[in-house]
Amino acid sequence: MGEQVIETAEGAELPADALVVADNVHKSFGRLEVLKGIDLQVRRGEVMCIIGPSGSGKSTFLRCVNHLEKLSAGRLWVNGELMGYRQKRGRLYELRDNEIAAQRSDIGMVFQRFNLFPHLSVVGNIIEAPVQVKKVPRAEATAKALELLERVGLPDKADAYPDQLSGGQQQRVAIARALAMEPALMLFDEPTSALDPELVGEVLDVMRDLARGGMTMVVVTHEMGFAREVGDSLVFMDDGLVVESGVPSEVLSSPRHERTRAFLSKVL
Amino acid sequence: MGEQVIETAEGAELPADALVVADNVHKSFGRLEVLKGIDLQVRRGEVMCIIGPSGSGKSTFLRCVNHLEKLSAGRLWVNGELMGYRQKRGRLYELRDNEIAAQRSDIGMVFQRFNLFPHLSVVGNIIEAPVQVKKVPRAEATAKALELLERVGLPDKADAYPDQLSGGQQQRVAIARALAMEPALMLFDEPTSALDPELVGEVLDVMRDLARGGMTMVVVTHEMGFAREVGDSLVFMDDGLVVESGVPSEVLSSPRHERTRAFLSKVL
Amino acid sequence: GGDGGASEETATPEAPAVEVDEELAALVPADIAEAGSVTIGVEASYPPGEYLDEDGETALGFNVDLVTAALGKLGLEAEWVPTAFDSIVIGVDTGTYDLGSSSFTVTEERMEQVNMISYFSSGTQWFAQTGNPQDVDPDNACGMRIAVQSDTTHDADIEARSEACVEAGEEAITIQKFENQPLATETVVSGVNDASLADMPTAVYALEQTGEGVLELIGEQYDAAPYGVLTHKEDTELAEAVAAAFNAIIEDGTYTEILGEWGVEAGVLETAEVNPEL
Amino acid sequence: MSSPTEPVSGPGSPNPTPGRSTEPVTAVPVRYPERWVAAAVILVLAAMFVHMLFTNDAFNWPFMLEHMFSDPVVRGVWVTISATVLSMLIGIVLGIVLAVMRLSGNPVLMAVSWLYTWFFRGVPRLVLAVLFGNIAILYTTIAIGLPFDNYWMPWLGLEGDARFFEIDTRTLLSGYVAGLLALSLSEGAYMAEIIRAGLQSVDKGQTEAAQALGMGRGRIMRRITLPQAMRVVIPPTGNETIAMLKDTALLAYVPVTIELFYQLQAIGSRTYQIFPMLVAACLWYLTITSVLMVGQYFIERRFNPGQYGGIRGRIVGGAH
Amino acid sequence: MSSPTEPVSGPGSPNPTPGRSTEPVTAVPVRYPERWVAAAVILVLAAMFVHMLFTNDAFNWPFMLEHMFSDPVVRGVWVTISATVLSMLIGIVLGIVLAVMRLSGNPVLMAVSWLYTWFFRGVPRLVLAVLFGNIAILYTTIAIGLPFDNYWMPWLGLEGDARFFEIDTRTLLSGYVAGLLALSLSEGAYMAEIIRAGLQSVDKGQTEAAQALGMGRGRIMRRITLPQAMRVVIPPTGNETIAMLKDTALLAYVPVTIELFYQLQAIGSRTYQIFPMLVAACLWYLTITSVLMVGQYFIERRFNPGQYGGIRGRIVGGAH
Ligand SMILES: Nc1ncnc2c1ncn2[C@@H]1O[C@H](COP(=O)(O)OP(=O)(O)OP(=O)(O)O)[C@@H](O)[C@H]1O
Ligand SMILES: Nc1ncnc2c1ncn2[C@@H]1O[C@H](COP(=O)(O)OP(=O)(O)OP(=O)(O)O)[C@@H](O)[C@H]1O
Ligand SMILES: [Mg+2]
Ligand SMILES: [Mg+2]
């Protein structure tokens with residue numbers, strides 16, 4: 001197909017339109033090998049959904065992407081940069097804290113349990129990182145935050161504290177908080193699974209909007225409807241490996257692997 | 001229909017087969033009226049499911065049943081006893097802490113967020129109340145606990161700590177913990193909504209078993225499949241009132257009220 | 001307690017002016033003579049020997065006056081630094097203070113560590129409530145309750161007496177040791193303890209402060225032992241100079257004048273010495 | 001009398017049976033006569049205590065009032081307050097640094113922090129005060145230069161020394177500064193433990209969320225973790241402050257004798273009125289303690305809004 | 001050199017591209033030269049300090065060693081340890097009672113608890129020691145009977161008194177017991193604050209779960225809330241214990257003079273070897289502190305297993 005190729009600082013050649021490239025990613029906790037060689041590429045603008053049974057390593061993979069976990073083996077590039085390391089003369093050097101922070105500020109992450117900062121108001125949560133990290137003036141950041149709150153449908157909650165919000169509202173604030181850093185990539189780790197069914201819709205709506213706006217997203221989810229409708233690709237992971245991947249509708253309707261079939265039968 | 005009637009200590013006449021009788025239950029927090037007059041009766045052996053939008057007062061009602069919240073007006077009997085009060089010569093007297101505790105020990109409750117005791121092992125969690133409250137000998141209580149763990153499908157997790165369990169496993173331990181007190185009534189407050197879809201099945205299976213065993217249960221849930229299959233009755237609450245109730249299949253397929261229809265269309 | 005406010009107003013004696021004795025001044029080590037002053041560590045909580053004036057800074061007392069007068073003979077200014085007891089000894093040791101002066105009783109053990117210049121002699125004095133209601137006899141106090149300031153020579157004294165009682169087959173003395181003499185005195189005033197013993201000047205002062213007719217002395221002072229000014233063990237030059245200065249004020253009468261003003265003539269010493277034979 | 005006798009009508013049991021039990025629940029609360037008895041006993045004892053205070057001669061109130069506000073004492077109050085505030089401020093900053101080092105995972109930093117905490121918790125403040133007041137006992141001069149020159153210079157055949165300049169330690173530290181240093185260094189060790197407990201009580205999801213936002217380690221500590229640790233840190237820090245208020249009395253060993261307690265004792269020993277002056281000390285300390293406790297109350301409310309109405313629960317999560 | 005150039009093949013992008021980058025990540029960790037420099041400086045300073053300890057005459061090691069283990073000193077060590085342990089035990093029990101009262105919601109109990117905490121945090125321990133040691137000066141006898149009889153009996157025209165029996169306070173409290181009481185009562189106030197902070201840090205879902213199981217208030221406190229509060233309570237309690245170790249020196253004001261610090265000071269003031277005896281005090285206190293810190297480590301591990309491997313996180317909830 002003769003795709004365009006860019007060369008990274010380390011000399012690796014990556015497809016030009018790939019935002020995330022995972023190359024044989026391994027991750028072990030002590031003797032427990034959780035990721036056993038993940039190869040994945042996420043193109044700019046792509047929405048990739050990841051499904052798989054509990055313990056299959058979905059969260060761990062997402063955490064590897066923004067270097068909350070260190071890889072045990074393999075390489076992972078985001079935006080053409082090797083995450084967490086610098087390669088010089090064939091050797092890897094760990095990046096300094098502030099360099100890793102700079103890499104992470106390009107990647108938004110939304111957690112299953114929201115993890116809003118309870119001591120800050122909603123606006124405080126959203127402007128914290130832009131003001132502190134990107135040195136955006138407070139007034140400007142606040143204006144942006146109100147705009148984002150509008151976008152996630154919470155224009156009137158600016159001054160509330162996280163404790164005063166429902167789960168769905170908290171998760172939408174968490175999304176706004178991540179978006180405030182204007183990331184190139186958004187990672188969602190089961191963003192709706194701590195929510196009541198009624199609240200799930202609110203959050204999925206926001207994500208749907210984001211996808212339509214062209215945001216690159218990696219979404220670990222069990223919402224098959226969402227995956228089918230919004231996802232450009234669907235990855236099924238099991239036991240630390242990618243078992244099957246492809247267009248969502250195809251994977252969902254005619255899974256090629258036995259394991260995928262078994263899993264889908266339970267979840268759907 | 002000429003039902004049998006029993007007279008309570010207060011002189012109220014209750015249907016003989018009703019385990020829970022809520023009579024015009026009101027509950028306000030400050031100026032916010034959350035329950036606006038709930039009348040409900042749960043017969044022995046009945047499985048009642050409660051559904052309703054967020055904030056409609058479902059949790060608050062359950063908490064009133066075992067007197068975690070005090071009523072603002074109305075009366076509530078469980079097992080023929082007025083919860084939390086003694087009525088003498090037309091006046092209500094609050095019960096002492098230990099008397100309320102005795103009433104509660106007949107009512108098991110399972111929370112949305114499990115609330116296992118993190119400093120105790122699984123068996124420790126289960127035997128705590130029997131040993132401390134009912135003075136069951138420790139050995140006997142442990143044997144019983146292992147039996148219950150078997151029943152909820154976790155025979156090998158006896159010595160694990162809550163942090164080491166998945167959500168579904170934690171919730172099943174929470175059920176076992178409640179059952180260890182051999183309650184006459186089990187209250188479930190959205191027991192599956194903090195769980196991943198895959199784990200929901202485990203917990204519903206255990207509840208299904210319980211229902212089959214003849215346990216009286218009040219279940220706040222959004223699992224319509226469960227309500228339809230296991231529930232003897234379905235109650236739809238909105239804004240602190242019971243809007244509609246009846247046989248689950250009927251309520252679900254042909255709701256009489258507009259509000260119920262609107263809600264079901266969003267959730268199903 | 002009595003109304004101690006009464007004697008509060010008694011004017012504190014003025015320290016007499018002394019003239020510099022150039023001959024003696026020549027004995028002073030050069031660096032100190034050049035500085036023109038010496039710093040003296042003092043634990044200013046032992047009236048009438050040394051205590052703080054009402055301004056909370058100035059040291060007063062007969063020790064203070066005696067030492068100031070002696071230093072005057074040497075042409076030296078005295079800078080009194082109020083501090084805690086531990087700090088005085090350490091301060092002299094490290095040169096933070098040139099001298100230490102705080103009603104220190106001279107003992108053999110202490111002279112192994114520092115030079116001590118004797119300049120005053122104080123015995124042990126007993127006192128009790130007026131009329132001595134418990135009939136305390138210093139020579140036979142067995143079975144009595146006696147208050148004493150801890151860690152003083154009197155502390156050792158009363159311990160020895162108690163042991164003697166036990167050896168003689170009598171009841172031991174109930175000894176209560178206090179952090180300071182005023183507290184010990186307070187317990188005698190209130191009748192909690194039967195009597196107390198202290199340095200003679202201190203006992204006299206206690207009588208004054210507790211007011212008319214509350215306490216009275218029992219018997220005479222005994223076991224007189226010298227008070228000493230401290231210098232660093234290696235500072236013999238300064239020690240000799242100070243001793244000579246004391247002898248000079250004894251000579252010219254300033255010494256007795258000061259003792260007289262403070263009412264402690266009983267403590268007069270014939271000659272001051274560096275590290276005296278005990 | 002209510003009579004909810006309506007039959008339970010089949011599976012749709014929750015038949016509304018309105019019109020009964022409408023009276024609001026106005027129950028008689030449980031009576032705890034033992035509490036009232038206890039309260040009464042405490043009140044009587046307190047009354048007897050106060051009565052004793054005023055009638056017992058040992059307290060000599062007129063004398064106390066006369067001396068309690070004398071110039072040196074009032075000056076002493078200010079010295080005590082300033083020493084307390086300054087040494088707590090330095091101690092808290094030190095404690096934060098030490099706690100962060102202790103939890104850093106870096107073995108060097110952890111060891112240094114542990115050693116510091118061990119040493120300064122172990123050594124009594126009184127000894128520190130004496131030492132810092134008499135630092136000359138350890139080093140008569142403090143020299144800036146290369147270490148151990150007296151060993152290696154001769155060994156290398158060099159003469160002289162490798163010191164660039166020297167300070168006479170007797171003039172280095174003023175008494176007040178020395179005392180402050182002694183108290184602050186000691187306080188740092190205690191605060192380190194308190195702050196460590198606070199930091200450990202913050203959910204680690206908070207750190208991860210901040211990391212994911214691209215915040216650096218220092219900023220996360222300052223903006224996210226520390227503010228949340230405050231809830232747990234404040235009450236024991238209040239304890240430390242109040243204890244420090246009293247420990248400034250150790251300044252007398254430095255010696256800094258213009259401090260409150262020393263001044264009161266000086267009056268006591270001059271006049272043999274020990275008790276009135278001890279009571280005066282209590283009154284002064286109680287007064288300052290009261291002010292500090294009011295301060296603590298407001299700081300706690302600031303960092304723990306949920307507890308005082310306003311915000312509902314402590315647990316992040318939807319209504320349940 | 002790796003070259004993941006496989007084209008991104010349409011929507012099913014995650015094409016396995018195996019066989020590359022298989023080497024394990026063995027990166028060179030970030031170097032922190034400044035940390036090593038700091039560590040080196042600290043080591044050199046520590047070495048100089050230790051060197052000074054052994055060469056400085058002021059320490060007089062032979063003298064110190066000779067007296068550090070003399071009989072009265074060793075006896076003093078035991079008195080100090082026993083007083084520390086006993087007063088902390090009483091203080092902790094008192095603190096728990098006061099903290100529970102403070103959080104009970106009952107206005108009487110809350111007021112009593114607040115008053116107690118206010119008073120005993122405000123009054124210096126030294127003053128308490130003097131007061132308790134000399135209670136006889138304030139009350140020559142303690143009588144059990146009806147209060148204020150000297151007022152109301154004459155007023156009612158009665159004679160005599162309403163006292164049932166009287167104790168001579170000179171014999172009521174031995175010095176040691178009086179001192180212990182002073183220290184424990186004071187410690188109770190400080191512990192109350194610490195335990196309150198601990199109790200407030202426990203998720204209230206825990207209490208509700210226990211209530212729902214039919215557990216009574218006392219049992220919930222004992223079995224559920226307190227054990228979970230321990231994590232937050234232990235480090236400041238360690239502080240308090242170690243501070244108390246040193247505060248037992250205040251027993252000398254009671255007077256209890258068989259205590260460690262007093263005995264060392266007594267040797268110092270007898271022989272004027274003050275400084276070596278202060279160092280001996282440091283060594284003794286450091287030794288006991290070390291033992292206490294080891295104890296604290298194990299107690300912390302017992303109540304906080306997650307932190308030391310074994311259990312993963314602190315947050316209850318599924319793997320995520
Ligand atoms: N910090 C850790 N230390 C040890 N084991 C870990 C750690 N984090 C995760 N694991 C283990 O790694 C495995 C994969 O966990 P992970 O959270 O990635 O699964 P998942 O696919 O996200 O599952 P779920 O759907 O339950 O969230 C699990 O067995 C888990 O116990
Ligand atoms: N302790 C409280 N103080 C004040 N308001 C409360 C309290 N508890 C609940 N509420 C309010 O009462 C209303 C009903 O809450 P409740 O938790 O019973 O709703 P719910 O039907 O269980 O909703 P959900 O499905 O979200 O759990 C909500 O508006 C809530 O904010
Ligand atoms: Mg609810
Ligand atoms: Mg996960």
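Numbered from 1 within each chain, the chains take letters A, B, ... in sequence-line order. Atom set for the values below is all heavy atoms of this structure, side chains included, hydrogens, waters and symmetry mates excluded.
- Scanning both residues, C:Thr83 and D:Ala252, for their nearest heavy atoms gives OG1-O, 3.7 Å.
- Heavy atoms of C:Asn180 lying under 4.5 Å from chain D belong exclusively to its side chain.
- More than 12 non-hydrogen atoms from other residues, nucleotides or ligands lie less than 6.0 angstrom from CD of C:Glu216.
- Within the 4.5 Å cutoff, no side-chain heavy atoms of C:Val189 are placed close to those of D:Tyr272.
- For the residue pair C:Tyr205 and D:Ser269, the shortest heavy atom distance occurs at CE2-O, 4.4 Å.
- Listed here is the closest heavy atom pair of C:Pro82 and D:Thr257: O-CG2, 3.2 Å.
- Using a 4.5 Å cut-off between non-hydrogen atoms, the part of residues 72-86 of chain D that approaches chain C consists of D:Pro72, D:Arg75.
- Put simply, CD on D:Gln273 and CD on C:Gln209 are 8.0 Å apart, with the number rounded to the nearest 0.5 Å.
- Using a 4.5 Å cut-off between heavy atoms, C:Phe85 makes no contact with chain D at all.
- For D:Gln263 against C:Leu52, the heavy-atom pair with the smallest separation is NE2-CD1, 4.5 Å.
- Heavy-atom distances place both the backbone and the side chain of C:Ser45 under 4.5 Å from chain D.
- Within a 6.0 Å radius of CD in C:Glu265, other residues, nucleotides and ligands contribute more than 12 heavy atoms.
- Atom CD of C:Glu34 sits in a sparse spot, with 12 or fewer heavy atoms from other residues, nucleotides or ligands closer than 6.0 Å.
- Formation of a donor-acceptor pair under 3.5 Å by the D:Arg270 side chain with backbone atoms of C:Pro47 is not found in this model.
- Closest heavy-atom contact between C:Ser87 and D:Tyr253: OG-O, 2.6 Å.
- Contact of C:Thr202 with chain D is made through backbone and side chain together, with heavy-atom distances under 4.5 Å.
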